[in-house]
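Lettering follows sequence order; numbering is per chain, from 1. All values reported here derive from a predicted model rather than from experimental measurement.
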Amino acid sequence: MSFWSELLEFWRTQAGKLAEQTLQHIGLTAAAVLLAVALGVPLGLWLTRRPRWAPAVLGAAGVLQTVPSIALLGFLIPLLGIGAAPAIVALLLYSLLPIIRNTVTGIQGVSPAVVEAARGLGLTDAQVLRRVELPLALPVLMAGIRTAAVIGVGVATLAAYVAAGGLGEFIFGGIALNNPVMILAGALPAAALALAFDAALAAVQRLSVRRLPRVGAGLLVVLPLLGALYLLPGAAGKLRAGFSPEFVGRADGLPALRHAYGLRRLPSVVLAPALVYEAARAADVDVIDGYSTDGRIRAYGLLVLRDDRRVFPPYYAAPVLRPALLQAHPELGPVLNLLAGQLSDSAMTELNYRVDYRHEEPRAVAEAWLRRRGLWRRPRPARGGAATVRLGSKIFGEQYILAEMYAALIRGYTDLQVQTKTGLGGTTICFEALRAGAIDMYPEYTGTGLQVLLQPRPATLDSLGGRPAAVFDYVQREFGRRYGLQWLPPLGFNNTYALLMRRQQARQLGIGSLSELGAYLGR
Amino acid sequence: MPATPAVPIIRVRGLTKRYGPQVVVDDVSVELAAGQTLVLLGPSGCGKTTLLKMLNRLVEPDAGTVEINGQDVRRQRPELLRRGMGYVIQQVGLLPHYSVAENVAVVPRLLGHVPAAIEARTQELLTRLHLPPERFAQRLPHELSGGQQQRVGLARALAADPPIVLLDEPFGALDPVVRAGIRRDFRELPELRGKTVVLVTHDVAEAFELADRILLLDAGRVQQLGTPRELLLRPANEFVRRFFAAERLPLQLRTLTLADLQPFLSEPPPPALHQLPAATSVQTALEQLTAANPEAAAVGPLMHAFHHALQAAIA
Ligand SMILES: Nc1ncnc2c1ncn2[C@@H]1O[C@H](COP(=O)(O)OP(=O)(O)O)[C@@H](O)[C@H]1O
Ligand SMILES: [Mg+2]
């Protein structure tokens with residue numbers, strides 16, 4: 001299938017979603033621009049009366065505009081929660097600068113002689129404003145509104161990160177999945193919307209100055225109507241879900257889940273991955289996607305729903321290493337295997353919680369755990385000429401903890417030196433570093449090895465059927481065959497996709513597994 | 001001629017305005033009777049515009065009072081005060097988004113006049129100011145020449161028939177020929193008859209042509225207040241003398257009349273002068289005499305009498 005027919009096919013199958021997102025997008029933009037006009041024009045007018053404040057206010061609005069939009073949303077979430085409110089406020093803040101600035105410029109551009117003549121004839125200040133200054137400033141003002149609207153359409157894509165909908169849902173889903181068709185499915189309508197807004201406002205701007213006031217008034221009527229579009233659809237259900245864009249889009253994410261468990265009556269919103277947990281904690285949503293060992297599960301009192309039909313692929317952690325390491329130091333094998341099967345999901349969640357949310361040192365957390373399990377041994381004194389084992393890790397807490405555990409074991413049980421190279425970015429960097437011999441081992445997940453590194457054909461995937469042992473055997477065999485690398489036995493926990501609910505609510509509703517969730521929704 | 005009119009419609013006392021350290025208008029007092037024309041004269045930057053704007057509260061004074069019809073202007077709402085005073089600003093200031101007719105109609109509309117009356121009045125004024133309404137009424141200001149714009153500005157100031165008219169260099173930015181023409185129109189405008197006019201100019205000839213009285217300013221201070229004749233013939237100080245120096249003779253010729261010359265004309269006076277009224281200026285008399293060439297002989301006695309009359313007036 002060609003790219004374009006794929007795109008058309010996507011739109012066809014997602015027509016309802018596309019229409020809904022487009023309406024939401026228009027609604028968000030219109031509401032924000034309307035508010036920005038309602039706020040920015042009076043502010044701009046005030047500044048023309050008090051020019052001494054202009055640099056400060058324009059400067060502040062300018063600074064707001066330089067705040068990255070995702071960061072701005074981040075600031076707004078604690079204040080406004082998720083949904084339309086933070087999205088509209090963020091859009092409003094971005095729209096403010098062009099509107100304030102153009103109001104000031106427009107009014108200041110009115111010839112002082114004209115204003116003085118009008119005052120000299122006996123117009124009141126309000127009449128001067130309404131009949132002289134505003135009509136004459138309107139073309140410049142409209143240009144500001146036009147800029148604001150176009151910026152607004154662009155920024156409104158980010159609304160998808162705070163569950164406010166809009167065309168960003170496709171775009172960020174597409175980005176998360178590296179799916180160009182899906183990205184364009186949202187980006188093209190968004191671009192078309194920006195052009196349409198711009199063209200409509202440009203047409204208004206071209207009208208003669210005399211007809212502008214009436215059109216301006218018309219705009220004030222139309223914008224709220226457009227804004228109301230946002231409120232139109234939105235199904236209601238017993239529970240509401242908030243999902244990250246990637247989860248919504250990828251085949252083994254939400255679609256697979258719906259297929260297997262029939263979660264049909266679960267209306268969902270899309271959220272920035274960073275915000276999903278917060279939304280669940282604040283009860284803005286009831287069901288979220290996440291990772292089964294995330295520290296926040298414990299911190300926020302969440303429950304991992306059991307994947308009783310094994311829809312999510314297994315992501316068991318295990319060390320991957322260069323076989324040369326064990327050949328050179330045979331004593332190392334049993335030491336590394338001390339951890340095999342020792343870490344449960346809840347244990348790992350607990351450790352992640354300490355590092356990510358209590359901000360304890362990964363090394364201290366790792367050593368404390370080893371002590372509790374009776375695996376801790378004091379490091380042996382350094383001996384000259386001893387070889388060094390180089391440990392790598394990806395750049396997040398769980399990997400740091402695992403690397404520190406292995407480092408402590410090697411120091412305590414062998415005479416070898418250890419060098420940790422933590423923070424090697426993502427999967428590919430670690431993997432390539434290992435292949436190139438820059439590190440000797442790092443912790444990897446079976447699912448990642450399978451999906452990201454080996455990328456087998458769908459038929460092969462089906463034959464594995466998501467069974468943990470089968471997947472481990474497959475990656476172990478294929479890594480050896482293709483890359484000459486070796487997997488040691490898994491540590492025991494499965495850091496995979498999961499659906500989470502607030503523990504208390506789940507208990508109340510009697511939901512512990514995905515089947516139970518499906519049954520509850522279908523009831 | 002009495003220096004102070006009996007019933008002042010405008011009374012200004014001790015008016016002072018400062019911008020920072022600069023005293024722009026310095027303790028100015030003047031009174032103006034109904035129907036009189038006062039010209040504010042002085043070099044550029046001497047404070048004429050500022051003084052004028054204090055009359056309709058576009059500028060608030062730092063000290064002193066302005067009374068219109070015996071009432072302190074600070075006790076009136078500024079916009080109501082202004083609607084009763086026509087105002088022409090130096091830079092014309094037509095509303096660029098209003099047609100000529102709409103510009104003229106601004107004040108009558110504010111005052112709530114009936115549309116038909118406004119329409120009729122607009123047509124009348126435009127016609128009188130040589131802007132045929134059928135051609136000009138619907139134009140926008142930028143479609144007019146500078147002189148036409150100034151005429152619209154004048155029509156706008158007069159539209160509601162205010163008893164007082166304030167004019168700030170209404171003929172500025174025009175070439176001399178057009179300027180003389182529009183000035184003549186202005187002087188002969190029936191709409192201006194009986195109105196109290198305060199007119200700002202830096203043009204001496206204009207001041208002499210239009211003023212009942214002249215207030216000559218320098219650096220915000222009154223140098224002399226009086227009739228054109230008083231300023232010309234009895235300058236109060238060196239500044240006043242020098243201010244008129246360049247144009248002294250033409251001004252004198254225009255200011256002295258045959259009545260002034262009467263005592264100094266030889267008997268019998270040249271017959272050509274008999275037909276002219278006593279109020280005819282020497283300048284006009286000379287023009288008439290030289291136009292009728294054969295009588296040019298009368299120029300000698302006339303200039304002789306002019307010389308003596310001048311001596312007497314200055315003494
Ligand atoms: N708003 C103002 N702020 C500061 N200085 C002013 C202002 N308006 C006028 N001036 C100064 O006051 C003086 C008189 O100005 P103006 O009354 O316009 O003079 P004129 O009309 O006689 O040419 C000038 O020196 C001018 O620069
Ligand atoms: Mg001036």
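With a 4.5 angstrom heavy-atom cutoff, B/V92 touches chain A only via backbone atoms. Looking at B/L58, the atoms closer than 4.5 Å to chain A (heavy atoms on both sides) sit in the backbone and in the side chain alike.
Contact annotation: the side chain of A/V114 never approaches that of B/L94 to less than 4.5 Å [non-hydrogen atoms, C-beta and beyond].
Heavy atoms only, all atoms of each residue included: A/A117 and B/G93 are closest at CB-O, 3.2 Å. Between B/H97 and A/R131, the closest heavy-atom pair is NE2-O, 2.7 Å.
Salt bridge status for B/E79 with A/R119: absent, with no side-chain N to carboxylate O gap under 4.0 Å.
Other residues, nucleotides and ligands contribute over 12 non-hydrogen atoms within 6.0 Å of the CZ atom of A/R49.
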Discussion item. For B/R83 and A/L121: C-alpha separation, side-chain torsions, deciding distance, then whether side-chain contact (heavy atoms from CB on, under 4.5 Å) applies.
Written reply: CA-CA 6 Å; B/R83 286 171 201 174; A/L121 292 171; over 6 Å; no

Worksheet entry | Residues A/T124, B/L110; criterion side-chain contact (heavy atoms from CB on, under 4.5 Å); working and verdict | CA-CA 10 Å; A/T124 62; B/L110 288 174; over 6 Å; no

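Judged by distance alone, with hydrogens and angles left aside, the side-chain atoms of B/R82 form no donor-acceptor pair with the main-chain N or O of A/G120 at under 3.5 Å.
Put simply, CG on A/L123 and CG on B/L95 are 7.5 Å apart, with the number rounded to the nearest 0.5 Å.
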